[in-house]
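Counting convention: from 1, in listed order, for ligands and their atoms alike. No hydrogens, no waters, no symmetry mates; every other heavy atom, side chains included, goes into these values.
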Amino acid sequence: MRHVISLFDLTADEIRTVLDLSIKLKQQLRDGEREPLMQQKTMGLLFQKPSLRTRVSFETLFNQMAGSTMFLSGDVGWNTREPVQDFMPILTGYLDLLVIRAKNHNDVVEAAQFSQCPIINGLTDVSHPCQALADVMTVMELCDSPQETLITYVGDANNVAYSLAVCCSRLGIRLNIAAPAGYQFESSFISSLNVESGNDFISQTDDPRAAVENASFIYTDVWTSMGQEAENEKRVKDLADYQVNEELFKVAADGARLLHCLPARRGEEVTSSVIDSPDSAVIEQADNRLHAQKGLVVWLMDQVQE
Ligand code: CP
Ligand code: NVA
């Protein structure tokens, strides 16, 4: 049974196949074609954290392909009403596909062990693979040669940055991460990606100005992710020099674009002047959540049938 809990679950060729399919399905939707590829299938969404983009894009893409969806949250009582080994085989026996947004990454890994249908990670504290697929799809659409571009991620090296790093490394796209000490990735994570790819596609620094020089994309995300609210005050202080504002943006390459997974905290990691400017690609990026995930769903369901 194939699951997509991390982008490590997909080879580079499989990521490329998913993205090619996503681009094709996006064009088909624009042409008014809605093939009933998920007819008589049901997708569940089991969410322990709030969501707008992930929930609505998954529900919409599945409905566009004539499938049905079911949103589940606290009622399931994951490990409170009943243990995962009791409810997960039953839930996934009813369903054809399950998207999980969980507080703890290891809970999704554990859930997959008891699952009878494919699971897609819709965000955990560690990773956000669906976001990274949409991010890279956006980069591919906005630049002629992704292999020659530089993405600089500025801020907290969090779940979004983690999946972006894995995706960029697998696809040979350069990503530079600018984060202060304490908010960086373990250097062993960066070096393991570079050893695996045989190239230094991923780098990390604590200097945001140096990191954005020559960057064609500046990416940022909130400094305080869901579940870290108690650390908010300290994080805002520690990350203050990593705000993506007009001054930092001017250091980047001409024509550089802003990426942000959203939701944003305006005035913290990004200023309104940047996110509302014509340089911002955040709406196209969010739109691609639907298309990238549609490609992923169609590809994953094909794996089940093979
Ligand atoms: N970017 C993202 O995953 O948004 P939501 O939290 O609204 O789903
Ligand atoms: N890093 C953020 C992403 C939200 C889509 C969080 O985990 O809250």
Side-chain angles (χ1 to χ4, degrees), residues 4-7 22 43-62 69 71-73 98-108 119-139 151 153-167 175 177-180 182-185 217-232 234-236 238-239 242-244 258-266 268-270 275 280-294 296-297:
V4 180
I5 296 173
S6 151
L7 288 177
S22 304
M43 177 177 69
L45 297 107
L46 176 53
F47 278 37
Q48 295 181 331
K49 292 178 176 186
S51 170
L52 184 139
R53 280 143 289 266
T54 308
R55 176 183 176 175
V56 178
S57 57
F58 265 114
E59 293 209 35
T60 304
L61 73 87
F62 216 73
T69 63
F71 185 77
L72 301 155
S73 54
L98 177 63
V99 181
I100 302 183
R101 171 166 285 202
K103 291 179 183 160
N104 298 312
H105 187 81
N106 287 338
D107 285 350
V108 184
I119 289 179
I120 296 178
N121 173 358
L123 180 144
T124 67
D125 53 334
V126 171
S127 70
H128 198 358
C130 297
Q131 181 68 53
L133 290 174
D135 299 342
V136 169
M137 180 174 170
T138 309
V139 168
I151 307 172
Y153 179 96
V154 182
D156 179 26
N158 61 12
N159 47 0
V160 166
Y162 177 92
S163 293
L164 186 65
V166 179
C167 200
L175 172 71
I177 297 149
Y183 295 86
Q184 297 188 344
F185 288 120
F217 295 90
I218 301 186
Y219 198 133
T220 190
D221 182 19
V222 289
W223 294 336
T224 304
S225 287
M226 292 180 276
Q228 298 174 329
E229 290 78 7
E231 300 167 21
N232 184 55
K234 177 171 165 42
R235 287 176 160 271
V236 169
D238 292 348
L239 285 146
Y242 292 77
Q243 184 184 67
V244 177
L258 174 78
L259 298 174
H260 191 309
C261 59
L262 302 176
R265 289 203 189 184
R266 290 164 177 248
E268 290 190 12
E269 78 279 1
V270 66
I275 202 168
S280 174
V282 301
I283 304 298
E284 293 103 301
Q285 183 187 2
D287 180 56
N288 276 335
R289 292 295 305 279
L290 185 146
H291 309 294
Q293 288 156 200
K294 193 186 269 180
L296 179 65
V297 164

Q | Short side-chain donor-acceptor distance under 3.5 Å, N232 and T224 | A |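 Per modelled atom types, T224 and N232 side chains form a pair under 3.5 Å.
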I'd like to know if E269 and R265 make a salt bridge, using a cut-off of under 4.0 Å between side-chain N and carboxylate O.
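No, no charged N to carboxylate O under 4.0 Å.
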**Message:** Between K103 and D125, does any NZ, NE, NH1 or NH2 come within less than 4.0 Å of an OD or OE carboxylate oxygen?
**Reply:** no
Problem set entry | Ligand-side contact atoms (ligand 1) for residue partner H128, heavy atom cut-off under 4.0 Å |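 That gives atoms 2 (C), 3 (O) of ligand 1.
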Counting from 1 in the order shown, the ligand 1 atoms closer than 4.0 Å to a non-hydrogen atom of R101 are 3 (O), 5 (P), 6 (O), 8 (O)
Regarding ligand 2, does S225 bring an N or O atom to under 3.5 Å of one of the ligand's N or O atoms?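 There is such a contact, yes.
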Based purely on interatomic distance, does [X] place a nitrogen or oxygen under 3.5 Å from a nitrogen or oxygen of ligand 1?
X: P263; result: no
X: R55; result: no
X: M226; result: no

When rounded to the nearest 0.5 Å, the distance separating CG of L258 from CD1 of I275 is 6.0 Å
Pairwise side-chain contact, [X] with [Y], heavy-atom cut-off 4.5 Å (strictly under):
X: R289; Y: L61; result: no
X: Y219; Y: V154; result: no
X: F62; Y: K294; result: no

Only one of L164, L7, T138, N288 passes side chain to side chain contact (heavy atoms under 4.5 Å, CB included) with L133; say which it is.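 The option that passes is L7.
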The residue among N121, T54, V108 that forms side chain to side chain contact (heavy atoms under 4.5 Å, CB included) with R101 is T54
message: Nearest non-hydrogen contact with atom 1 (N) of ligand 1 belongs to which option: L262, V222, D135?
response: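 Shortest heavy-atom distance from atom 1 (N) of ligand 1: L262.
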| Option nearest atom 8 (O) of ligand 2 (shortest heavy-atom distance, choices E229, Q228, M226) |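 Minimum heavy-atom distance to atom 8 (O) of ligand 2 goes to M226.
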#### Entry: Ligand-side contact atoms (ligand 2) for residue partner L262, heavy atom cut-off under 4.0 Å
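By the 4.0 Å cutoff, the relevant atoms are 5 (C).
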Quick test: of every protein heavy atom, which one is nearest to [atom], and how far off is it to 0.1 Å?
atom: atom 3 (C) of ligand 2; result: D221 OD2, 3.6 Å
atom: atom 7 (O) of ligand 2; result: N159 ND2, 2.8 Å
atom: atom 4 (O) of ligand 1; result: R53 NE, 2.9 Å
atom: atom 4 (C) of ligand 2; result: L123 CD1, 3.8 Å
atom: atom 7 (O) of ligand 1; result: L52 N, 2.7 Å

Examine ligand 1 and decide if any of its atoms is less than 4.0 Å from a heavy atom belonging to L123.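 Checking ligand 1 against L123, which is what was asked, there is no heavy-atom contact under 4.0 Å.
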Notebook entry, point to check: What pairs with Y162 under ring pair (Phe, Tyr, Trp, His ring centres under 6.0 Å), at least two apart in sequence or on another chain?
Noted result: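 Once residues adjacent in sequence are excluded, the partners of Y162 under the ring pair (Phe, Tyr, Trp, His ring centres under 6.0 Å) criterion are F189.
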**Prompt:** Is it the side chain, the backbone, both or neither of R289 that has a heavy atom closer than 4.0 Å to ligand 1?
**Reply:**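 The answer is the side chain of R289.
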